[in-house]
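First the structure, in the form of structure tokens, and then the observations on it.
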Amino acid sequence: MADGPVAEALLRRLEAGDGGLDSAELAAELGVEHQAVVGAVKSLQALGEIIEAELRSTKHWELTSEGQEIDREGSHEARVFHSVPPEGLPQSELMRLPSGKVGFSKAMSNKWIRVDKSAADGPRVFRAVDSVEDEVQRRLQLVRSGQAEKLGEKERSELKKRKLLTEVTLKTYWVSKGSAFSTSISKQEAELTPEMISNGSWRDRPFKSYNFSARGVLPDSGHLHPLLKVRTQFRQIFLEMGFTEMPTDNFIESSFWNFDALFQPQQHPARDQHDTFFLKDPAEALQLPMDYVHRVKRIHSHGGYGSQGYKYNWKLEEARKNLLRTHTTAASARALYRLAQKKPFTPAKYFSIDRVFRNETLDATHLAEFHQIEGVVADHGLTLGHLMGVLREFFTKLGITQLRFKPAYNPYTEPSMEVFSYHQGLKKWVEVGNSGVFRPEMLLPMGLPEKVSVIAWGLSLERPTMIKYNINNIRELVGHKVNLQMVYNSPLCRLDVEQGSPQTQETR
Amino acid sequence: MPTVSVKRDLLFQALGRTYTDEEFDELCFEFGLELDEITSEKEIISKEQGNEKAEGASDVILYKIDVPANRYDLLCLEGLVRGLQVFKERIKAPVYKRVMPNGEIQKLIVTEETAKIRPYAVAAVLRNIKFTKDRYDSFIELQEKLHQNICRKRALVAIGTHDLDTLSGPFTYTAKRPSDIKFKPLNKTKEYTACELMNIYKTDNHLKHYLHIIENKPLYPIIYDSNGVVLSMPPIINGNHSKITVNTRNVFIECTGTDFTKAKIVLDIIVTMFSEYCENQFTVEAAEVVFPNGKSHTFPELTYRKEMVRAELINKKVGIRETPENIAKLLTRMFLKSEVIGDGNQIEIEIPPTRADVIHACDIVEDAAIAYGYNNIQMALPKTYTIANQCSQEDIADKLGLDISATNAVHISNPKTAEFQVARTTLLPGILKTIAANRKMPLPLKLFEISDIVVKDSSRDVGARNYRHLCAVYYNKNPGFEIIHGLLDRIMQLLDVPPGEKKRGYMIKTSEGPAFFPGRCAEVFARGQSIGKLGVLHPDVITKFELNMPCSALEINIEPFL
């Protein structure tokens, strides 16, 4: 369009004249639609600084189609007056005329005509004056000739009320020469093409400028769920610290591995129906390592290895009960038992991140299943100081540096410590994990050497993810009510940037 | 974690000083407690029942303190104060003594009928005790805390406390048919049979939780005095006759239960906590229990046990270097009176009857660490040299013959919701539900999940096992089978499994499945095994999930490739 006749004419006029021109006037001169001129202005604008165009809006009055009719043929009342012959006309006949109904009442109120109701063949209309001035037509003619301003405000609004006049806003351009004004313009290229590159024509061609404020086209891509992203980061941290991943591929666990092996007594509240999901089918574990089971039974019911034990009647059927594992520590117990069977003892560092299940009261931050992150170190002579040292390194990698430790109670660790970190946003210490040294009553029946200590800690995966991605309701993060838009939008996860405060779901 | 609620001012008075909330919070943290909430009765009522109900309630400030679940000696104001005062070295730990009465010892005779229902009983007397309103409330509250925690909601142990001056021993602990039991229970004005009582208490918000313990037993446990007055029908209710009041001077305490060890611990805790208010402080009058075999035992046991631990062990386990003398001091602050003996490295530790939680040297190590201050311990990195490995599931290949689509589901016995009665055996429904919950999202929706499913497997020790599944769904205006098929091809390419019937290859064969549209379903075979299916979902399945677009899906077991 840029090289269209309208654009060319526009450029030629600009070149010839000084100053500028109005797009509406040009359209009138060229005898084209105003829209065509606007199109030409826009396409020239897109070429750069060839022209300058200033948008102006002007208001003016125009006749409506009824107004145009009156302009040509006179007002309805005038037409009524003229159609009444000197000898009069029956009213019924007058009413049948095109302007009859509207014109009659107006002409009556102007006192141009009168009605004789006593006439023999019904009411008859007579002229009341000899001649009339059609003021309405005169005013409309003024408007048509562009002299609407000669009418008073009151007169115009009266005509407007009669739907003879309408006020229209016209958007026009005031066009003047631009800094790169030229009459010889060529079409701009949208994109570089292979042909242009091979024949070199790109050198002489102007290119359309890009709109850099527009959004790009998103690449066709998949999106990882935030939990997966945070999980990957945690795995990475463990691997960097030399930890080996434990197999955790058994959601179904026996009470034995989930509780008894951990020296958690059989009357412990965690083993209640209210806290743990038990299985109906398969209800019981089929096999248990019986030698080991007997050692566990002995430590619970009679003590040993320097322990008083719990002194209660330990029951095998209780240990056989299957359940959905309540913590990944059950998998850690299996891993440590396997480690204990290897002679001689070799130090080990293990980790796992997997799903656990608890019969919790469900709310915005608690689900019946969540992921637990767990780290375990087994070696000779490990101290509480070592546990704190490992925790410091681990949490530093998460971007959490201000730590302190609170004495706590866990059934299978002694000493136990809860890990707190100072939360800058909340301005208080919040719990970020739970940790401890596994009890000898757990380790020695497995067959681990007496001088070996095992330190361990755990936290939940959901809590740090919710904090990192600013999610308040866990149901938006986990389960089928997940918000896919949130998944699409979530940025990649770098735990060490910008302090988040992971917090464990209460461990017991 | 049990929470103990104490009046702040009473606590500070007993501690002999005041603290700011922050200071007290800090002290709790150091000692392993948690100042959970600062509130008042008024605030609690107004929070639970609205401001109007709270009108006139006490606005005395209460501290709610979380106590570790194994520290029964901290479950009341008396114990908390004693523990903190010894920790801060403001007092020495008292020595609890059992004494014989001047006159005849109180006897509780256990008959053999109790054997099948609640075989154990222990008893003791608090002589010349002086209650006040606050002390009395604390005494009742401690019993409630013990009932809720160590007593496992009275299932393991139930406590009865009685005004001894209203009774006359010896007492008999027996079991009778409920219809043969008739007495006036606590706070009732007339007599009821045990059957009637069980009915009445069905609507009692507090007691209804304990009825199940004896409800279906042929005989109910019951304790009488020598005149046939009922002391209690454990574990449900005491008799009204022997009810204690603020003015009671001599308290007879009986604990019955199914766990002898815990019954003894509970008795020891009650008498050690409240003998503080006896005329002879911290002394408890013995009672004799005669068991059906004729043997008699004297309670409370109030055993002080001696443990020997080398200072070096504590230093090594904690990661500190303290002299044996210092370690003995640290332990003494934790209510474990300790002294250095023998070669100067041996520490003899006395475990008082209040510290039933100390059962191994590791418990002593922890107390030394707490007294030293966890946050004063020098951090160090273990020198454990290891090489990291990611999870390898090497033992999987041998299990591939399994038909994974068989619905061999694992059933939960106490499911939380109807949706959660079995562990899932397939991932597809979860993805379809996710799509249903996200119908406002622009099409196409392409979702995948890689997760474990659970099936029964009798070759496993627990009778069930996980399989790692991959499921992908394409949801659009067209079924897009070729897209899901292409995804399978791409996955196989990445796993280095070539197409074709060769031993290491993969292929798909016409198949059918209830979830799929007839003629639009194929089974996936890889390395000679069926690993799953892909196809266009059946319209019935689509509509059942409240969806309305065509949809294709792939679900395979990926364990052969891990």
Side-chain angles (χ1 to χ4, degrees), chain A residues 239 242-245 247 249-254 267 269 273 277-282 285-288 306-312 322 324 347-349 359 368 377 379 381-386 388-390 392-393 404-409 414-415 417 439-441 453 480-482 484-485, chain B residues 29 31-32 68-71 152 156 259 261 316-320 359-363 365-366 369-370 374-375 377-382 384-391 393 410-416 420 423 430 433-434 437-438 441 445-446 452 454 456 458 461-466 468:
Chain A
L239 291 169
F243 283 68
T244 286
E245 194 166 17
D249 58 335
N250 54 315
F251 295 165
I252 310 302
E253 192 52 277
S254 59
Q267 319 92 334
Q273 294 268 337
F277 291 113
F278 288 92
L279 293 197
K280 192 161 69 187
D281 181 27
L286 308 164
Q287 308 140 29
L288 293 174
S307 173
Q308 300 290 310
Y310 292 125
K311 298 189 176 117
Y312 70 99
N322 273 337
L324 288 177
K349 293 195 288 202
N359 201 349
V377 185
D379 200 354
L382 292 178
T383 68
L384 210 49
H386 285 133
M388 292 160 67
V390 175
R392 183 183 58 192
E393 295 306 316
R404 67 174 188 165
F405 302 90
K406 173 180 163 294
Y409 169 68
E414 189 85 11
M417 35 175 59
R439 293 191 71 101
E441 291 101 321
S453 294
H480 62 262
K481 289 189 180 133
V482 63
L484 283 181
Q485 194 62 53
Chain B
F29 193 97
F31 193 56
N70 62 342
R71 291 296 300 269
R152 295 290 294 119
L156 302 182
D259 186 315
T261 311
K316 266 189 168 172
K317 292 284 179 192
V318 181
I320 51 176
I359 56 176
H360 190 276
C362 70
D363 297 300
V365 170
E366 179 180 78
I370 293 173
Y374 273 9
N375 296 292
I377 299 169
Q378 190 70 42
M379 294 189 204
L381 272 184
T384 313
Y385 184 83
T386 52
I387 290 169
N389 280 309
Q390 304 193 38
C391 207
Q393 295 170 324
V410 159
H411 288 256
I412 316 293
S413 69
N414 52 336
K416 177 129 248 161
F420 193 31
K433 281 184 195 172
T434 303
N438 284 277
M441 299 299 292
L445 283 172
K446 295 187 271 188
D452 281 8
V454 183
K456 279 164 68 175
S458 58
D461 60 347
V462 294
R465 61 158 298 172
N466 288 17
R468 180 61 53 94

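Per-residue counts of heavy-atom pairs under 4.5 Å with chain A were compared for Pro68(B), Ala380(B), Ala423(B); the largest is that of Ala380(B). The greatest number of non-hydrogen atom pairs below 4.5 Å with chain B, out of Pro407(A), Pro282(A), Gly389(A), is found for Pro407(A). In terms of heavy-atom pairs under 4.5 angstrom with chain A, the leader among Met441(B), Arg152(B), Lys446(B) is Arg152(B). The candidate with the highest count of non-hydrogen atom pairs below 4.5 Å against chain A, out of Pro382(B), Gly430(B), Gly463(B), Ala437(B), is Pro382(B). For chain A, the option among Gly319(B), Pro415(B), Ala388(B), Ala369(B) with the highest count of heavy-atom pairs below 4.5 Å is Ala388(B). If you tally non-hydrogen atom pairs under 4.5 Å between each of Val482(A), Asn250(A), Leu484(A), Leu382(A) and chain B, the highest count goes to Leu484(A).
Heavy atoms closer than 4.5 Å to chain A are found in the backbone of Lys316(B), but not in its side chain. Only the side chain of Leu156(B) has a heavy atom closer than 4.5 Å to any heavy atom of chain A. With a 4.5 angstrom heavy-atom cutoff, Leu324(A) touches chain B only via side-chain atoms. Both the backbone and the side chain of Asp363(B) come within contact range of chain A, with heavy atoms under 4.5 Å apart. Heavy-atom distances place the side chain of Asp259(B), and not its backbone, under 4.5 Å from chain A. Interface remark: Glu441(A) contributes side-chain atoms only to the contact with chain B (heavy atom separation under 4.5 Å). Both the backbone and the side chain of Gln485(A) come within contact range of chain B, each with at least one heavy atom under 4.5 Å from a heavy atom of that chain. Only the side chain of Val454(B) comes within contact range of chain A, judged by heavy atoms closer than 4.5 Å. Interface residue Val377(A): only side-chain heavy atoms are found under 4.5 Å from chain B.
Of all heavy-atom pairs spanning Asn466(B) and Phe251(A), the tightest one is OD1-N, 3.0 Å.
Ion pairing between Lys349(A) and Asp379(A) fails under the 4.0 Å rule for side-chain N and carboxylate O. Ionic pairing of Lys456(B) and Asp281(A) is present here: one or more N-O contacts between side-chain nitrogen and carboxylate oxygen are shorter than 4.0 angstrom.
Taken to the nearest 0.5 Å, the CD1 atom of Ile370(B) stands 9.0 Å off from the CE atom of Met417(A). Between atom CG of residue Asn375(B) and atom NZ of residue Lys406(A) there is a gap of 11.5 Å, rounded to the nearest 0.5 Å. Taken from CZ in Phe278(A) to CD1 in Ile412(B), the straight-line distance is 11.5 Å, to the nearest 0.5 Å. Leu239(A) contributes atom CG, which lies 13.0 Å from atom CD1 of Ile387(B) (distance to the nearest 0.5 angstrom).
Annotation: side chain of Phe405(A) is in contact with side chain of Met388(A) (closest heavy-atom distance under 4.5 Å). Counting heavy atoms from C-beta on, the side chains of Asp461(B) and Leu286(A) never come closer than 4.5 Å. Side-chain atoms of Val462(B) and Glu253(A), non-hydrogen and from C-beta on, do get closer than 4.5 Å to each other.
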